[in-house]
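All values below come from the heavy atoms of this structure, side chains included, with hydrogens, waters and symmetry mates left out. In each ligand, atom 1 is the first atom listed, and ligand 1 is the first ligand listed.
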Amino acid sequence: MSKITAAITAVGAYVPDYVLTNQILETMVDTNDEWITSRTGIKERRILKEEGKGTSFLAINAAQDLINKRRINPKDIELVIVATATPDMKAASTAAFTATQIGAVNAFSFDLEAACSSFLFGMSTAAKYIESGRYKNVLLIGADKNSSFINYEDRATCIIFGDGAGAVLFEPNDEDLGLQDEYLRSDGSGREFLQATYGGSLYPMTKESLEKGQQYVFQDGRTVFKNAVSNMADVVLKILERNNLTKEDITWLTAHQANKRIVDATANRINIEKDKVMMNIEKYGNTTSATLPLLLHDYESQLKKGDNIIFATFGGGFTWGSIYLKWAYNS
Ligand code: UT7
């Protein structure tokens, strides 16, 4: 019997309608379009404005898009993983609510949190369930409502983040397509440089912390940037070396969209052409867990069966890694 590999067989996505442009940000904080564009590559991001809607709203819509596009019966889905850094609430899982809302009534579900690497680590997790031979349909959703913990008076963070969601379906494959290899890392000494400090079990929210805005994301951008550039490139090189891949073998680099300069630096280190580098940061900013599936969604029509895709992320924690996946279908 041939080995079971875990392949992505469908993609869906959702972003909210409201567009927060650099020009609008210029009226909110001391910044300008030229600075944001040259330092990050971002032109606009989407924000979920409506009250009473959380990350699950984004996740449900992305999953629904996938279900409608591929005419999947939600009752066949066995596991729903929601990769997110902004769950709807503490204690009740966003994935459980999402699964029920999309009609995945036979699935179990859980949330997975690893900051900007949540979706990448989710790919690894989803693949293991498929490779075990026990599960045939695993839905992985990356969704974040970053606007829920961003301070729109802090120009160091509010220009970067956006809201959005993407979903992929993992199914078994007997042609050796799908996930081939992974190299995943974390280093907790990085958490002082990127965190939302108050509101967790370590520092429950207080009146004083709220007054100081310590529930919002704080980032030492320069330190995170330096670590992102070196670590993302390192793991990609490691994956290429381990699988005897040269730059000619790579069809696509699919890297976390935190800053165009970080992605460009990774692409330069492996010396691949610009047109092999997926990029959509200009439209959505950094959507944390949603960047990778939003890239797959935007580039889906260009992907061919057998394409070699190298995924890479770097984010809070620190968490980072790379995955080598062979694309399994033509759209
Ligand atoms: O996905 C999670 C992981 N996150 C990341 O990967 C983000 C990594 N970091 C970054 O992307 C970049 O560090 C930022 C985009 C956040 C900042 O870019 P930078 O080139 O590292 O700028 P900087 O923080 O070193 O600031 C340079 C200057 C400073 O002024 P001085 O001290 O040189 O006078 C800042 O005060 O730019 C100033 N500045 C701004 N100016 C206009 C900082 N933010 C802004 C702004 N608009 N929004």
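In this structure, Lys69 pairs ionically with Glu300, as a charged nitrogen and a carboxylate oxygen lie closer than 4.0 Å. Ionic pairing of Glu182 and Lys128 is present here: one or more N-O contacts between side-chain nitrogen and carboxylate oxygen are shorter than 4.0 angstrom.
Ring pair Tyr216/Phe149: centre-to-centre distance not below 6.0 Å. The six-membered or imidazole ring of Phe311 lies away from that of Tyr324, with a centre-to-centre distance of 6.0 Å or more.
Hydrophobic cluster of Val105: no remaining members, since no ILVMFWY side chain lies below 4.5 Å from it.
Cation-pi contact between Lys305 and Tyr329: absent, since separation from the ring centre below 6.0 Å together with deviation from the ring axis within 45° is not met.
Closer than 4.0 angstrom to ligand 1 lie heavy atoms from Asp30, Thr31, Trp35, Arg39, Thr40, Cys116, Arg155, Ile159, Ile160, Leu194, Gln219, Gly221, Arg222, Val224, Phe225, His256, Ala258, Asn259, Arg261, Ile262, Asn286.
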